[in-house]
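Below: one structure, written as structure tokens.
Per chain, numbering begins at 1; letters A, B, ... match sequence-line order.
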Amino acid sequence: IAGITQAPTSQILAAGRRMTLRCTQDMRHNAMYWYRQDLGLGLRLIHYSNTAGTTGKGEVPDGYSVSRANTDDFPLTLASAVPSQTSVYFCASRDNGGYTFGSGTRLTVV
Amino acid sequence: GENVEQHPSTLSVQEGDSAVIKCTYSDSASNYFPWYKQELGKRPQLIIDIRSNVGEKKDQRIAVTLNKTAKHFSLHITETQPEDSAVYFCAASKSGGSNYKLTFGKGTLLTVNP
């Protein structure tokens, strides 16, 4: 692993199903973030974690949950997916400068 | 919270011309301003950043300027090339430390025509 790894790369999900997007980093960064990217809306923060064991809500948290059991992993869960959650999801981490982003997960909820 | 406005939303230039993208922010306590480049289907990547203790920073063909009084900052790309075509995002936060979240502008689609 080098940097941040996200999985899966893409997914088609039936509405109402539960889904966990995985994010793992090997840089020992304390802070991690989940953003969704939608055309014309830019990058919007869903949830964040400043350090292992803590999490916080971002701009668009409804319908999503996160956990931060350790420094490396920051999974994002959709408890019951809806079509409006169709988006590209980026995980990111930060040390003392800008973010390092994962390669993204393209999620389609049908 | 912080609000970042970015203009223009699209920009088309001829190869060799300069391109300028402007952003304004609302929180006077913000002091860290990065710029990201996102190519189609790729992740955003940091291309340059500036902190509030300097007014300008340059890296080859890319420069960023900051006006703290007016609360705006700009990205300047000189001698544009087709490979500069991408979406560019500005962002702002209160600190470069890990406890502060970045707020992003909505992006500028730059097209460089050969």
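Looking at A:Leu43, the atoms closer than 4.5 Å to chain B (heavy atoms on both sides) sit in the backbone and in the side chain alike. With a 4.5 angstrom heavy-atom cutoff, B:Gln38 touches chain A only via side-chain atoms. Residue A:Gln37 touches chain B through its side chain alone, counting heavy-atom pairs closer than 4.5 Å.
Between B:Asp49 and B:Lys57, at least one side-chain N (NZ, or NE/NH1/NH2) sits under 4.0 Å from a carboxylate O, which counts as a salt bridge.
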Show the atom names and distances, to 0.1 Å, of all donor-acceptor pairs under 3.5 Å that link a side chain in residues 60-69 of chain A to residues at least two apart or in another chain.
from: A:Tyr64; atom 1: OH; to: A:Arg36; atom 2: NH1; distance (Å): 2.9
from: A:Tyr64; atom 1: OH; to: A:Tyr89; atom 2: OH; distance (Å): 2.7
from: A:Arg68; atom 1: NE; to: A:Asn70; atom 2: O; distance (Å): 3.2
from: A:Arg68; atom 1: NE; to: A:Thr71; atom 2: O; distance (Å): 3.4
from: A:Arg68; atom 1: NH1; to: A:Asn30; atom 2: O; distance (Å): 2.8
from: A:Arg68; atom 1: NH1; to: A:Ser49; atom 2: O; distance (Å): 3.4
from: A:Arg68; atom 1: NH1; to: A:Ser49; atom 2: OG; distance (Å): 2.7
from: A:Arg68; atom 1: NH2; to: A:His29; atom 2: O; distance (Å): 3.3
from: A:Arg68; atom 1: NH2; to: A:Asn30; atom 2: O; distance (Å): 2.9
from: A:Arg68; atom 1: NH2; to: A:Thr71; atom 2: O; distance (Å): 2.8

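Ring pair A:Phe90/A:Tyr99: centre-to-centre distance not below 6.0 Å.
For A:Arg44 and A:Ser87, the side-chain atoms include no donor-acceptor pair closer than 3.5 Å.
Interface summary for chain B: among A:Gly104, A:Gly56, A:Gly102, A:Gly58, the most heavy-atom pairs under 4.5 angstrom belong to A:Gly102.
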